[in-house]
Each structure stands twice: as structure tokens, then as C-alpha cells.
S.K.: 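Mind having a look at this structure? Questions to follow.
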Number of protein chains: 2
Amino acid sequence: MEDEATARAVRDRFGYLLKLARERLAALIAARLEPFGVNGREVAVLSVLAEGKPPSQLEAAQRLAIDRTTMVALLDALERRGLVERRADPADRRRNIVVLTTAGHETLIGAARATDEAEEAFLAPISIRDRARLRRMLQALISGSDEGAGR
Amino acid sequence: MEDEATARAVRDRFGYLLKLARERLAALIAARLEPFGVNGREVAVLSVLAEGKPPSQLEAAQRLAIDRTTMVALLDALERRGLVERRADPADRRRNIVVLTTAGHETLIGAARATDEAEEAFLAPISIRDRARLRRMLQALISGSDEGAGR
DNA sequence: TATTGTTATACTCTATAACTATA
DNA sequence: TATAGTTATAGAGTATAACAATA
């Protein structure tokens, strides 16, 4: 029985570690993304639109685990800058198919590379082998829940 | 050269993995903390107050990597519920030393245990050995920056 | 002059509820 | 009846600027 039995150091908690890790990565990404005029979430949206066949707004939101109402504002901003276009789905006119414009594709190329560099800088303190381990562990921790279908 | 050279899957990015991991842990903690009437951040504050000698508001904020203006509202809420007390520092009357009340200490005991259980549930998908690895990796990634002094 | 705590304010990210148009 | 997109709204969490008290 220790003196501080109840007071496990906050710095050892995973909540704290995950918070700081994410903040550090976000800062690195933000710095490298600045020249492209998009933020990390917007790059994620552009990436999703480039993966496989163009999704509807709802599908895009689900792939990113964000709310569909959040996606509306996100796409408004991207469309205003001419990076994406909404097109009514002929097969189901309730849906908007979202596609990258040429400008959007070009922005994605540069921004994706910048994000890769930021991740590289983030991961620099650990070995290549540990980076793969870390990715696998995080994936295992995430799929422990039934996320993905969720939101 | 692949077809999707620019579109590295969003799900493979560490930003996405860290976001979802943190969300899952937060949900597990929130569920187990409900009976104690405190949230995760408040438990973190109580923990910091119990570690070593009682800190000032600013010191408590720095140890948690949160802003001192955020700490004001956090302590207001905890003090209103009788879990902490602010005491003017006799040595420097600009500072408030923040201490746990008896009720605060009792809440911390139960809430810290509940948080431990939530972390255990969160980490269940990976081996004990990997949990230690994960903690070490995250700590290495965090200290790659000059956090801690920051804010 | 600088620092601690405080207040006011605002911004980001997120979620809920209710509406519309389609199905 | 149910779904996709939208709007309005609100709630966390955070940060900035400016102020009072104190150093």
C-alpha cells in the first residue's frame, strides 16, 4: 500500500498520452498544410472523395466517422473554394454525389504529401518497426468497439 | 506508380487512428464515471491535486497541459460541489493553492478506480506486453516536442 | 514591469432536433 | 414511413485579450 495509491500519475494515463500525441500531430500537420489553404479535416474529406467511387455526403461522413451535419459545412467551404462539386445522384435524387474538381485533385496531391511529411516528423522518435506496431495496436484498439457503422 | 498514389487511405493515417482511439477511450471512461458525478477532465484535475504538494491553479493547469483560463471554470465547478478548495498562498498572495476536500479525496478514490477499469477495457484487445510498448511509444512521440513547459 | 487569477469573448468541433424533398 | 441533405441551435473544449491584485 502506497501513500498515493489512488493518485496514479495523470501523465501515465492513456487519455493524457493520446490527447498530447494527437495535439502534437495536429500541430505538425497544420504547419505543413498552411500553404495549401486547407486544414487536416478538409484533406481527409478530399482523400475520401478520391478513394474508390465518389461517395454521397452521407457515405463520405461515415467513412470519416464524422456527423452528416458536420459534413454539410465542410463541403460548403470546399465547394466555395472550387475544390469539390455536389452532383445530384440520378439514381436517387435525395443524394448528392460529391466529386473532386481538377483544382481539388491538385490540392489533394500536394496536401497529402505534406501530411505524409508531417506524420513522418511525428513518428521520427520511434523506429520504423515500432511505427508499424503502433499502427496495428491502434487499429486493434479501435476495432474493439463497433465503430464504423456508428454515426 | 499506383492509380491512387495521392489518396493514401484515410483510415491508415495516424490522425484518424488517434482520433478514434481517443473517442473510444473517452466513451468507456464517461460510462464508468457517471455514478461519481465527475467527468474525465475533472478526475484528471483531482488527481493532479493529490500528486505531491498541492499546486497553484497555474501549476495544476500546466501539469495537465490545459490553459489557465480553462482551469478557472473547471475549479469553479469542482468547488461548487465541495470537492476542492482554493486557499490564498500566504507566501504569494497572487496565487491560489488548490486542495482536495475530504469529499474530493473520496470521489477521487472511486473515480480513479473506475478510470483504471475503463483503461483496462480499452486495452483489452492487445497483450500486456504491447500495452507497455504502446505507452512507451506514445511517451516518446510526445516528448519529441517541447511540450510540458508550453502553455 | 511581470505574474496569477479572472472575465468576456470567440472559435472549432461536435451533436440534436426539426424541416424539405425525395423514396 | 424512412432516408439524404439542410438549417438552427447548443454544448463541449479551447484560446486570446484585457483587467485587478500582487509581486
Side-chain angles (χ1 to χ4, degrees), chain A residues 15-16 18-20 22-27 29-30 33 38-45 49 54-80 84-99 147 149-151, chain B residues 15-16 18-20 22-27 29-30 33-34 38-45 54-80 84-99 147 149-151:
Chain A
Y16 181 83
L18 290 172
K19 173 194 169 185
L20 259 57
R22 220 190 141 200
E23 278 179 4
R24 183 170 176 242
L25 177 57
I29 289 175
L33 239 34
V38 287
N39 62 33
R41 297 166 74 221
E42 291 171 332
V43 176
V45 173
L49 301 183
S56 69
Q57 293 189 197
L58 184 60
E59 286 162 352
Q62 286 170 340
R63 288 196 209 163
L64 290 170
I66 62 179
D67 195 83
R68 70 193 165 119
T69 64
T70 303
M71 183 57 69
V72 173
L74 228 26
L75 291 178
D76 284 348
L78 291 171
E79 195 166 37
R80 217 179 301 126
V84 308
E85 270 179 30
R86 288 166 159 111
R87 294 185 189 158
D89 183 346
D92 181 346
R93 282 164 40 228
R94 290 173 305 181
R95 319 174 91 221
N96 285 338
I97 301 300
V98 191
V99 297
E147 65 78 30
R151 320 208 187 194
Chain B
Y16 181 83
L18 289 173
K19 172 194 168 185
L20 259 56
R22 220 190 142 201
E23 278 180 4
R24 183 170 176 241
L25 177 56
I29 289 175
L33 239 34
E34 227 211 313
V38 287
N39 62 33
R41 298 167 73 221
E42 291 172 332
V43 176
V45 173
S56 69
Q57 292 189 196
L58 184 59
E59 287 163 350
Q62 287 169 340
R63 287 196 210 163
L64 290 170
I66 62 179
D67 195 82
R68 70 193 165 121
T69 64
T70 303
M71 183 57 69
V72 173
L74 228 25
L75 291 178
D76 285 348
L78 291 171
E79 195 166 36
R80 215 178 301 124
V84 309
E85 269 178 31
R86 288 166 159 110
R87 294 186 189 157
D89 183 347
D92 180 348
R93 281 165 39 227
R94 290 173 305 183
R95 321 175 88 222
N96 285 337
I97 300 300
V98 191
V99 297
E147 65 76 30
R151 320 210 187 195

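Remember, predicted model here, so these are calculated numbers, not experimental data. Lettering of chains follows the sequences in order, A, B, ..., and the numbering in each one begins at 1.
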S.K.: Rounded to whole angstrom units, what separation is found between the CZ atom of A:Arg22 and the C1' atom of D:dT14?
M.R.: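 That distance rounds to 13 Å.
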S.K.: Starting at atom CD of A:Glu23, determine the distance to atom C1' of C:dT12, rounded to an integer number of angstrom.
M.R.: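 Result: 13 Å.
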S.K.: Quick one, A:Gln57 and A:Arg68 - any side-chain contact, counting heavy atoms below 4.5 Å?
M.R.: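 Contact flag for A:Gln57/A:Arg68 side chains = no.
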S.K.: How long is the span from the CD1 atom in B:Ile29 to the CZ atom in B:Arg24, to the nearest 0.5 Å?
M.R.: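 Separation between the atoms: 11.5 Å.
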S.K.: Mark up nucleotides 4-9 of chain D, 5' to 3', with B wherever a protein heavy atom is under 4.0 angstrom from a base atom, S wherever such an atom reaches only the sugar-phosphate, and - elsewhere.
M.R.: BBBB--
S.K.: How many Å lie between CD1 on B:Ile66 and P on C:dT6, as a whole number?
M.R.: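 Atom CD1 in B:Ile66 sits about 13 Å away from atom P in C:dT6.
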S.K.: Would you kindly give the CZ-to-C1' distance between B:Arg41 and D:dG11, to the nearest whole Å?
M.R.: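 Answer to the nearest Å: 12 Å.
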S.K.: Holding to salt bridge (Lys or Arg N to Asp or Glu O under 4.0 Å), I want the full list of residues that pass it with B:Arg41, two or more places apart in sequence or in another chain.
M.R.: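 So B:Arg41 forms no salt bridge (Lys or Arg N to Asp or Glu O under 4.0 Å) with any residue.
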S.K.: Name the residue closer to the 5' end of DNA chain C, choosing between A:Thr70 and A:Ala91 according to the nucleotide with the nearest heavy atom.
M.R.: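 Checking each residue's closest nucleotide, the 5'-ward one belongs to A:Thr70.
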S.K.: So do the side chains of A:Asp76 and A:Arg86 get within less than 4.5 Å of each other, counting heavy atoms only?
M.R.: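 When only atoms from C-beta onward are counted, A:Arg86 and A:Asp76 do touch, with a gap below 4.5 Å.
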S.K.: Between D:dT14, C:dT14, C:dA23, which nucleotide gets closest to the side-chain atoms of A:Arg93?
M.R.: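 Nearest to the side-chain atoms of A:Arg93, counting from C-beta on, is C:dA23.
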S.K.: Are the side chains of B:Leu18 and A:Leu18 in contact, using a 4.5 Å heavy-atom criterion?
M.R.: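 When only atoms from C-beta onward are counted, B:Leu18 and A:Leu18 do touch, with a gap below 4.5 Å.
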S.K.: Less than 4.5 Å apart, any side-chain heavy atom of A:Met71 and any of A:Leu64?
M.R.: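 A:Met71 reaches A:Leu64 side chain to side chain.
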S.K.: How close or far is atom P of C:dT14 from atom CG of B:Leu20, stated in whole angstroms?
M.R.: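 One finds 11 Å between P of C:dT14 and CG of B:Leu20, rounded.
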S.K.: Can you measure B:Asp67 atom CG to D:dA12 atom P for me and round it to whole angstrom units?
M.R.: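 Going from B:Asp67 (CG) to D:dA12 (P), I get 19 Å.
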